[in-house]
Amino acid sequence: MMTWGRADTLGGLTDTSRKRFRKTSWLRRLRNTLRFRSTNSLQEHEDDRRHSAELTPTIPKDKKSSKKPVVRSPTSPIPKAPKDKEFVRKNMNRPRVFLKKVSIATMLAYSKDQIKKPIILTQDKDVRRDAVNCFKNLQEFMGDTRSGKNLTQKERLKKAVELTYTAWQKKSYRDEFFMQVIKQTTNNKKPKSLEWGWKLMSAYLYYFPPTIRFQSYLEGYLYKNKENDLNEVPNVPVMVYAEYCHDRLGKMAIRGAKHGQKKPSDDDIAHAMLLPFKKSMFGATLEEVMELQRDTHPNHYLPWVLTLLAEKVVTYGGYTTEGIFRVPGDIDKVGALKVSLDNGSHVKEFPTTDAPVCASLLKEWLRELYDPVITHETYQKCVENSEQSNFAASIVQELPDINRLVVTYVIRFLQGFLKEDTIKKTKMTADNLAMVFAPNLLRCPSTDIQIAMDNNKYEMTFVRTLINNLDTSYMEGVV
């Protein structure tokens, strides 16, 4: 029995005929491929158009007037559909399935599957190497993998810490990390997963903004979710998260990323995730802190949390505690006190009588302020004139009113520890106090670790100069 196949067919042909047959076969395959692409191009174009339209909030036309309706503008202009579409086409790694590019809507929608390469086109070798693994960590954090579903609260926060810290310290990773969260919070119908995704977005925007290139795209996504709950998942307040993130992005666009090198703790990330629902006395600007206490402490010129903690340090024996400010308080008690001050439960019963705990939280409050008490604009003057007492005093007077009052109050508080009898008990001289408080009052604006380390001694010298020489007598009785 004879079987006919390609080899048998070609076997009976001349060399010229074989070449012609192969060429014809190749052309037929090419023609079929092109026909396949053209058949699907209309659907792909429609998907792209629909996704680009979704990125911009729908604005109803004014029927009574031919003028364009006035659009409520956020911190920067809301991206228009053509720009978003152009951004996606130029900057996204669109995978192919059977020679056809995956539509934008599909690529940027929630998926339980792994990505095979970065979502955003990049030439950065580190991002290209790490993006896939970071997406896997994101899925585990959101509970979208088998291992992620069984994570404890502490383990989940550890994942969030690693993701946030990575992008905070490496600017080139930020856009990719934001885009991965956008993907996993788009068309996500799983309540827990969706909420964890938005919590991580809140943590990201507490520490760092996207690049300028990606900012308008992210703003469009947040604005869209702020105006409409597109996922429509019960018990997940997407609009609340989106409104907070949108406002935070506006601040980040002006101020830049949060300064600092210290890795966030689990409590820091948990705190950042709660900010969409409860304004905190920690991590805000001094202006925001004063606004928060306007109703509860209308006659205070200083943040009540600062004066309360300073008073408690003295009341609970700070003047006689060896290593006060230098030896940290119990970390769990510090965390409990922080929560108590934020939710107001300290009014009924103050949760500790330990001076080091109050001292640790006082330093933490100063350190976590969104902007340093001694502003970035005056930082260079401080390190360049750290030993000149008259110049140091003039720098303090140049600060904004609330900053000047806070700095002077803190220095006056520290000057109370310089009595000879007190120093014998606490072992804390002006040098020791300056060493402890310099990082809480000044922050080097440079992200270069070496520059920050080199400036440490000048920061300490400046604070020591203030402690030894600043006239704080006018702060007596001021709260």
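Not counting sequence neighbours, the partners of F437 by the ring-ring contact (aromatic ring centres under 6.0 Å, His included) test are F325. Among residues two or more places apart in sequence or in another chain, the ring-ring contact (aromatic ring centres under 6.0 Å, His included) test is passed with Y204 by F178, F208. In this view, H271 satisfies the ring-ring contact (aromatic ring centres under 6.0 Å, His included) rule with no residue, not counting sequence neighbours. Residues meeting the salt bridge (Lys or Arg N to Asp or Glu O under 4.0 Å) test with E377, sequence neighbours left out: none. Judged as a side-chain hydrogen bond (donor to acceptor under 3.5 Å, both in side chains), and not counting sequence neighbours, the contacts of Y173 are D130. Shown here are the side chain to side chain contact (heavy atoms under 4.5 Å, CB included) partners of I182, two or more places apart in sequence or in another chain: M179, T186, M201, F214, Y217, L218, Y221. The ring-ring contact (aromatic ring centres under 6.0 Å, His included) check on Y244 picks up nothing, with sequence neighbours excluded. D144 is linked by a salt bridge (Lys or Arg N to Asp or Glu O under 4.0 Å) to nothing, counting only residues two or more places apart in sequence or in another chain. For T166, the side-chain hydrogen bond (donor to acceptor under 3.5 Å, both in side chains) criterion is met by no residue, not counting sequence neighbours. With sequence neighbours excluded, no residue forms a salt bridge (Lys or Arg N to Asp or Glu O under 4.0 Å) with D330. A search for salt bridge (Lys or Arg N to Asp or Glu O under 4.0 Å) contacts involving R146 returns nothing, not counting sequence neighbours.
Atom NZ of K136 is surrounded by 12 or fewer heavy atoms from other residues, nucleotides or ligands within 6.0 Å. In the displayed structure, M453 atom CE is contacted under 6.0 Å by at most 12 heavy atoms of other residues, nucleotides or ligands. Around atom OH of Y316, more than 12 heavy atoms belonging to other residues, nucleotides or ligands sit under 6.0 Å away.
Contact between G197 and V181 at its shortest, heavy atoms only, is O-CG1, 3.5 Å. Residues G283 and Y370 approach most closely at O-CB, 3.6 Å, considering heavy atoms.
Atom CG of L337 and atom CD of E364 lie 9.5 Å apart (nearest 0.5 Å).
Distance alone, capped at 3.5 Å, places no donor-acceptor pair between the K149 side chain and the G143 backbone. R174 places a side-chain N or O within donor-acceptor distance of the main-chain N or O of A167, the cut-off being under 3.5 Å.
We find that K159 and E140 are joined by a salt bridge, their nearest charged nitrogen and carboxylate oxygen being less than 4.0 Å apart. With respect to the salt-bridge test (charged N to carboxylate O, under 4.0 angstrom), the residues K263 and E162 qualify. Look at K158 and D266 and you find a salt bridge, because one of the NZ, NE, NH1 or NH2 atoms lies within 4.0 Å of a carboxylate O, short of that distance.
Judged by a 6.0 Å distance limit and a 45° cone about the ring axis, K199 is not positioned over the six-membered ring of Y241. Annotation: cation-pi pair K338/F282 present, NZ/CZ under 6.0 Å from the ring centroid and within 45° of its normal.
Among residues at least two apart or in separate chains, ring-ring contact (aromatic ring centres under 6.0 Å, His included) pairs with a member in residues 121-145 are F141-W196.
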*Would you please test Q180 and Q184 for side-chain hydrogen bond (donor to acceptor under 3.5 Å, both in side chains) and show each step?*
CA-CA 6 Å; Q180 289 183 4; Q184 291 304 92; over 6 Å; no
